Amino acid sequence: MRLTRYFLPVLKETPSEAQIVSHRLMLRAGMIKQASAGIYSWLPLGYKVLRNVERIVHEEQQRAGHIPMLMPTLQSADLWRESGRYDAYGPEMLRIRDRHERDLLYGPTNEEMITDIFRSHVSSYRDLPMTLYHIQWKFRDEIRPRFGVMRGREFLMKDGYNFDVDYESAIHAYNRHMVSYLRTYERMGLQAIPMRADSGPIGGDDTHEFLVLADTGESEVFYDAAITDLKFGDRKVDYDNRDECAEIVKEWTTPYARTDETHDEAIFNQVPEERRRTSRGIEVGQIFYFGTKYSEPMGATVVNREGQHVPVHMGSHGIGVSRLLGAIIEASHDDNGIIWPEGVTPFHCGIVNLKQGDAEADRACEQLYDALTAKGLEPLYDDREERAGAKFATMDLIGLPWRITVGPRGLKNGVVELTSRKTGESEELSPEVAVARVAEIYGK
RNA sequence: CGGGGCGUAGCGCAGCCUGGUAGCGCGUCGGUUUUGGGUACCGAAGGUCGUGAGUUCGAAUCUCGCCGCCCCGACCA
């Protein structure tokens, strides 16, 4: 993409409404624009990152054998009356009435709807286990939205629902989700720690929240430093293997890690003092096993091997997709702007032409652009008639992990400069080698 | 929902107390500057002062209502 043909409304000054760094940077980098309290438009740059995060979630869900689908944002109130949550949910649920005076609601979650779909079409244990998920906009009418996309009213969320014939199978689904979530967050360059949590209004027996450590987090968290040393890495997982998934879950849930809701001082004090940590965390996902909480009242049963009708065991599993952008920025930025992890970056690298209009520099940039594109990479070429300083400042602000700087001085010696946004380290390389290096970084 | 604050040019703000018809910086547009970390200079455009009513000869300024937004708290993925 050429910057002169793109829409990137960066702000030099910080809008006064933004309090925390991720919100400020998302506004300044031209990623989002507030449409109303807690509701945002996703401008091109923000949209690209949102789609990247979404793509990773899709890939990892499907790797775990979960099936994508899409449910609507608007739901009939009747379903919610059936589960009893229409009254229980309270004013956070946005209620709407259509022209026929029918009660609708903008879905804050989809347990009722998915249960309805399930009971309409599935009746035998032979069809189980099954996990369906979707990534869809949700609405919760927070009393006080804040922190940009970290706590908006409208938000994009992946929610998945498992259906299993018995407890053991459902627990495997729970474990499978935990493993897939660990992979998902790590691919986004995040360390998200699973913490034993409170089940909240959704209800349930077993639940973990995934938290990204950050000063601006809304939850106070207590953990054993040992857990931050765990890395998922390239390990291959057979998601159908119950023991293997259970083993990984055990590994990640053994060190103490809890939010303030479930924190137990007595147990925490058994952690060696030098490893005890107290911090704040941003919740970016949660997994629940809730058994037959919805299947029972809504009549979602299957016939088991013995020929009996039994309510299915369910769980639900969420990832806050739009919120993750805020969390990633909170965890990865500096004074000059965002530092995107390579897994989610909106463009693979930037090309800065220091002297737009200089025949040599222009040609070198075009060649770099074509060569990178031919490798399957997406560069952002700053071809504006701007001073070098302005171009550098823009690149730093929008956080592309790699920058290739092209100027007449370097070209005289046959080199361009490849700079890491994260470390600031630069290397002078021939254009060909620079392209090869970037391609190698992204495995292209 | 309780408490506090804000709304004046695209963005950040001053002016309001003490009424006299709107200003600064950045950005934008047109030039000059040829420039390796937001360059400098010249010129220009851009505002029903959130909105409605009231007081007044006269309201951005005073009074009241409404709308929107932000902050602290309670709540929350």
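Chain A is the first sequence line, chain B the second, and so forth, proteins listed ahead of strands; every chain is numbered from 1. This structure is a prediction, so every number in the text was calculated from the model and none was measured.
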For the student: nearest non-hydrogen atoms of A:Glu154 and A:Ile39, plus distance:
OE1-CG2, 3.8 Å
State the pairing partner of [N]; accept Watson-Crick or G-U wobble contacts with both distances under 3.5 Å, and report none otherwise.
{"N": "B:C66", "answer": "B:G50"}
{"N": "B:A14", "answer": "none"}
{"N": "B:C41", "answer": "B:G31"}
{"N": "B:G2", "answer": "B:C72"}

From the options A:Glu218, A:Glu283, A:Glu330, select the one residue that forms a salt bridge (Lys or Arg N to Asp or Glu O under 4.0 Å) with A:Arg323.
A:Glu218
Summarise protein proximity over nucleotides 3-9 of chain B in one line of letters, 5' to 3': B for base, S for sugar-phosphate only, - for none, counting protein heavy atoms closer than 4.0 Å.
-------
For a quick check under 3.5 Å, do [X] and [Y] share a side-chain donor-acceptor pair by atom type?
{"X": "A:Arg146", "Y": "A:His23", "answer": "no"}
{"X": "A:His317", "Y": "A:Asp159", "answer": "no"}
{"X": "A:His263", "Y": "A:Glu261", "answer": "no"}
{"X": "A:Gln356", "Y": "A:Lys391", "answer": "yes"}
{"X": "A:Glu112", "Y": "A:Ser83", "answer": "yes"}

In whole Å, what separates the [atom1] atom of [N] from that of [M]?
{"N": "B:A9", "M": "B:G5", "atom1": "P", "answer": "22 Å"}
{"N": "B:G27", "M": "B:A74", "atom1": "C1'", "answer": "40 Å"}
{"N": "B:C24", "M": "B:G47", "atom1": "P", "answer": "16 Å"}

[atom1] of [X] versus [atom2] of [N]: gap in Å, rounded?
{"X": "A:Ile398", "N": "B:G37", "atom1": "CD1", "atom2": "P", "result": "19 Å"}
{"X": "A:Glu218", "N": "B:C72", "atom1": "CD", "atom2": "P", "result": "14 Å"}
{"X": "A:Glu220", "N": "B:C76", "atom1": "CD", "atom2": "C1'", "result": "17 Å"}
{"X": "A:Glu428", "N": "B:G36", "atom1": "CD", "atom2": "C1'", "result": "11 Å"}
{"X": "A:Asp382", "N": "B:G37", "atom1": "CG", "atom2": "P", "result": "15 Å"}
{"X": "A:Ile143", "N": "B:A74", "atom1": "CD1", "atom2": "P", "result": "11 Å"}

Below the 4.0 Å mark, does B:C72 have OP1 or OP2 next to a side-chain nitrogen or oxygen of A:Arg146?
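Looking at the OP1 and OP2 atoms of B:C72, one of them is under 4.0 Å from a side-chain N or O of A:Arg146.
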Does A:Lys12 have a side-chain nitrogen or oxygen under 4.0 Å from the phosphate oxygens OP1 or OP2 of B:G27?
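The answer is yes; a side-chain N or O of A:Lys12 sits under 4.0 Å from OP1 or OP2.
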Of all the nucleotides listed ([options]), which has the minimum atom distance to the side chain of [X]?
{"X": "A:Thr394", "options": "B:C1, B:C70, B:G38", "result": "B:G38"}
{"X": "A:Arg144", "options": "B:U34, B:C69, B:A74", "result": "B:A74"}
{"X": "A:Glu92", "options": "B:A77, B:C75, B:G36", "result": "B:C75"}
{"X": "A:Gln34", "options": "B:A77, B:G36, B:C70", "result": "B:C70"}
{"X": "A:Ser36", "options": "B:G38, B:G36, B:C69", "result": "B:C69"}
{"X": "A:Lys355", "options": "B:G36, B:A77, B:U34", "result": "B:U34"}

Could you tell me whether the side chain of A:Met130 reaches within less than 4.5 Å of the side chain of A:Phe118, counting heavy atoms only?
yes
Any stacking of A:Phe155 on B:A77, going by centres under 5.5 angstrom and planes within less than 30 degrees?
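The ring of A:Phe155 is stacked on B:A77.
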Judged by each residue's nearest nucleotide on RNA chain B, which is more toward the 5′ side, A:Ala35 or A:Arg387?
A:Arg387
Could you tell me whether [X] contacts a base, only the sugar-phosphate backbone, or nothing, with contacts defined as non-hydrogen atoms closer than 4.0 Å?
{"X": "A:Arg28", "answer": "base"}
{"X": "A:Asp396", "answer": "base"}
{"X": "A:Gly357", "answer": "nothing"}
{"X": "A:Leu11", "answer": "nothing"}
{"X": "A:Ala393", "answer": "base"}
{"X": "A:Glu386", "answer": "nothing"}
{"X": "A:Pro9", "answer": "nothing"}
{"X": "A:Gly407", "answer": "base"}

With the threshold set at 4.0 Å, does a side-chain nitrogen-carboxylate oxygen contact exist between A:Arg187 and A:Glu59?
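Judged by the 4.0 Å cut-off on N to carboxylate O distance, A:Arg187 and A:Glu59 do form a salt bridge.
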side-chain hydrogen bond (donor to acceptor under 3.5 Å, both in side chains) with A:Asn353: which of A:Asp358, A:Asp383, A:Asp362?
A:Asp362
Record whether the side chain of [X] comes under 3.5 Å of the base of [N] through a donor-acceptor pair of N or O atoms.
{"X": "A:Arg151", "N": "B:C76", "answer": "yes"}
{"X": "A:Arg403", "N": "B:G37", "answer": "yes"}
{"X": "A:Glu13", "N": "B:G27", "answer": "no"}

